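If you're wondering where the values come from, they're calculated on a predicted model, not measured in any experiment.
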Amino acid sequence: MKKIKYIIVFILSLGLLNSCLIDNDTDIDKNDEGKNFVSFVQSTGSLAVIADGMEYTFKIKLALTGPSSMNITSDLEAVISVNETSTAIEGTHYRIDNPSVTLTKENNYLVELEVTMLTEGIATPLDASPVLVLNVISTTGDANVIANGKPITLSMNYACPSFLEGTYDVVHTREDGARQAFTGEKITNIGIGEYITESVGLWETPLQPQGMRFIDICNVITVPLQDLYQAYSNENYGHEAGFVNESTGVITIYYTIGFDAGDKTYTAVYTPAK
């Protein structure tokens, strides 16, 4: 049996929940006797996995909302369907084992729909990420609760297997040729294709235990905008894509550090330690 991994898609704030799930053109918010809705908490989401042949199950949140939702006491059943605009293929990219969910008062009318993302047979990188669009099509349990017609759009992103965690010797070279080297530096995996180093720039010793975050997508390295050493207000970001040499395991990262006197660009070359 394939191992299944569970990942939570987080709930947005209550304010965003209300603005996303209730049509501003209606008078629902003015009518305490109006209909209530079972809806997805988010209107969009991004599911990211490594295409390693495993199955990954994401939990997509739904909730009850509406002008008189506080008066509902019975259990509610909601049925979810796949919108025809989806480009994701059932059985190839995803599987939904149970397209119905039950919302209960004891769980504050919050519930999770399980969507399993499939990776077996997926060759990365893909030309485009498949998109899964889901709708709540019906509800039962209370005549004053109906399905909200607004869908959730899920982008299904497949990353290449990434195994860059390890110990490296690194040389940081600034644009003017100045250099700083460290031996035995650790690169630590902190997410799907996401890593953090120990050093940044030309300081003689790292300023913090955590250095620079970078992302590996099919051997292309990017550095997202971040605070220097995850602690200082200087901006640290990639100014062009780096790369991984598949034959040698050497990682090359191009990045910039912002200073009051002007930004400086750097090249970091990480060579696997022997």
With heavy-atom distances below 4.5 Å as the criterion, would you say the side chains of Y158 and P125 are in contact?
no
Look at the rings of Y270 and Y168 and say which category their plane angle falls in: under 30° parallel, 30 to 60° tilted, over 60° perpendicular.
perpendicular
State yes or no: do F58 and I122 share one hydrophobic cluster built from I, L, V, M, F, W and Y residues joined by side-chain heavy-atom distances below 4.5 Å, directly or via other members?
yes
Which residues pass the side chain to side chain donor-acceptor pair (under 3.5 Å) test with D176, sequence neighbours left out?
R174
In terms of heavy-atom contacts, A241 and V220 come closest through CB-CG1, 3.9 Å
Do the side chains of F259 and L207 join up, straight or via other hydrophobic residues, at under 4.5 Å, putting them in one cluster?
yes
So for atom CD, which belongs to E235, do other residues, nucleotides or ligands contribute more than 12 heavy atoms lying within a distance under 6.0 Å?
no
Is it true that a side-chain atom of Q180 and a backbone atom of L202 form a donor plus acceptor pair closer than 3.5 Å?
yes
Within the structure provided, determine whether N135 and P151 are in side-chain contact (heavy-atom separation under 4.5 Å).
yes
How far apart are the C-alpha atoms of I96 and L134, what are their side-chain angles, what is the distance that settles it, and do they pass the side chain to side chain contact (heavy atoms under 4.5 Å, CB included) test?
CA-CA 11 Å; I96 300 175; L134 301 175; 3.9 Å; yes
Which atoms form the tightest heavy-atom contact between P206 and F182, and what is the distance?
CD-CE2, 4.0 Å
Sorted by first residue and then second, give each disulfide (SG to SG under 2.5 Å) pair with at least one member in residues 53-93; sequence neighbours left out.
none
Check the pair T265, E175 against side chain to side chain contact (heavy atoms under 4.5 Å, CB included), reporting the backbone distance first and the verdict last.
CA-CA 6 Å; T265 62; E175 58 191 57; 2.9 Å; yes
List for me each residue that meets salt bridge (Lys or Arg N to Asp or Glu O under 4.0 Å) alongside D260, sequence neighbours excluded, and say none if there are none.
none
Do I251 and I215 share a hydrophobic cluster (ILVMFWY, side-chain heavy atoms under 4.5 Å, transitive)?
no
Measure the CD1-OG1 distance between I253 and T267 for me, rounded to the nearest 0.5 Å.
10.5 Å
Minimum-distance pair of heavy atoms, taken over all atoms of L113 and P99:
CD1-CA, 4.4 Å
In Å and rounded to the nearest 0.5 Å, what is the CG to CG distance from L47 to L154?
5.0 Å
Once ring-ring contact (aromatic ring centres under 6.0 Å, His included) is applied, what residue pairs with a partner in residues 128-151 remain, sequence neighbours excluded?
none
Indicate yes or no: at least one non-hydrogen side-chain atom of I72 is less than 4.5 angstrom from one of V145.
yes
Does N108 reach the main-chain N or O of L110 with its side chain, forming a donor-acceptor pair under 3.5 Å?
no
Under the side-chain contact (heavy atoms from CB on, under 4.5 Å) test, which residues partner A231, sequence neighbours left out?
Q208
Side-chain donor-acceptor contact under 3.5 Å, N144 with S68
yes
Just jot down the side chain to side chain donor-acceptor pair (under 3.5 Å) partners of T73, sequence neighbours excluded, or say none.
none
So OG1 of T139 and CG of L62: to nearest 0.5 Å the spacing works out to 11.5 Å
Does a donor on one side chain sit under 3.5 Å from an acceptor on the other, for N107 and T104?
yes
Distance (rounded to the nearest 0.5 Å) between S69 OG and N36 CG:
5.0 Å
Could you give the side-chain donor-acceptor pairs of residues 74-81 under 3.5 Å, partners two or more places apart or in another chain?
from: S74; atom 1: OG; to: G141; atom 2: O; distance (Å): 2.8
from: E77; atom 1: OE1; to: T102; atom 2: OG1; distance (Å): 2.7
from: E77; atom 1: OE2; to: S100; atom 2: OG; distance (Å): 3.4

Pairs meeting criterion ring-ring contact (aromatic ring centres under 6.0 Å, His included) with involvement of residues 234-253, two or more places apart:
none
Per the disulfide (SG to SG under 2.5 Å) rule, what does the pair list look like for residues 233-274, sequence neighbours excluded?
none
Report the distance from atom NZ of K274 to atom OG1 of T183, rounding to the nearest 0.5 Å.
14.0 Å
Heavy-atom nearest pair, V171 first then A181, reads CG2-CB, 4.1 Å
Residues 188-200, side-chain donor-acceptor partners within the protein, below 3.5 Å, at least two apart:
from: N189; atom 1: ND2; to: G191; atom 2: O; distance (Å): 2.8
from: N189; atom 1: ND2; to: E194; atom 2: O; distance (Å): 3.2
from: E194; atom 1: OE2; to: R213; atom 2: NH1; distance (Å): 3.2
from: Y195; atom 1: OH; to: S162; atom 2: O; distance (Å): 3.0
from: Y195; atom 1: OH; to: S162; atom 2: OG; distance (Å): 2.7
from: Y195; atom 1: OH; to: L164; atom 2: N; distance (Å): 3.1
from: T197; atom 1: OG1; to: S199; atom 2: O; distance (Å): 3.1
from: T197; atom 1: OG1; to: M212; atom 2: N; distance (Å): 2.9
from: E198; atom 1: OE1; to: K186; atom 2: N; distance (Å): 3.4
from: S199; atom 1: OG; to: H172; atom 2: NE2; distance (Å): 2.8
from: S199; atom 1: OG; to: E185; atom 2: OE1; distance (Å): 2.5
from: S199; atom 1: OG; to: E185; atom 2: OE2; distance (Å): 3.2

Carefully, step by step, assess T222 and I217 under the rule side chain to side chain contact (heavy atoms under 4.5 Å, CB included).
CA-CA 8 Å; T222 57; I217 300 179; 5.5 Å; no
Would you say that V269 contacts V250 through its side chain, given a criterion of any heavy-atom pair below 4.5 Å between the two side chains?
yes
Using distance alone, with no hydrogens and no angle criterion, decide if S46 and N157 have a side-chain donor and acceptor under 3.5 Å apart.
yes
Close side-chain approach of E55 to R95, heavy-atom, < 4.5 Å
yes
Provide the full list of disulfide (SG to SG under 2.5 Å) pairs with a residue in residues 79-147, sequence neighbours left out, each pair given once.
none
Considering only heavy atoms from C-beta outward, does the side chain of Y56 approach that of T119 to under 4.5 Å?
yes
Grouping I, L, V, M, F, W and Y whenever their side-chain heavy atoms are under 4.5 Å apart, do W203 and V223 come out in a common cluster?
yes
In terms of hydrophobic clusters joined by side-chain contacts under 4.5 Å, are I89 and M117 together?
no
Could you check whether any side-chain heavy atom of V82 comes within less than 4.5 Å of a side-chain heavy atom of V133, counting everything from C-beta outward?
no
Under a 4.5 Å cut-off applied to non-hydrogen side-chain atoms, are V170 and T271 in contact?
no
Nearest heavy-atom pair of I221 and D216: which atoms, and what distance?
CD1-CB, 3.8 Å
Starting from the C-alpha separation in whole Å, work towards a yes-or-no answer on side-chain hydrogen bond (donor to acceptor under 3.5 Å, both in side chains) for T57 and E114.
CA-CA 6 Å; T57 295; E114 293 189 353; 5.3 Å; no
Pairwise disulfide (SG to SG under 2.5 Å) hits with a residue in residues 97-210, at least two apart
C160-C218
Step by step, work out the side chain to side chain contact (heavy atoms under 4.5 Å, CB included) result for D263 and I257.
CA-CA 6 Å; D263 294 356; I257 300 175; over 6 Å; no
Output for pair (N83 CG, T153 OG1), nearest 0.5 Å, gives 8.0 Å
What are the two closest heavy atoms between A51 and T124, and how far apart are they?
CB-CG2, 3.5 Å
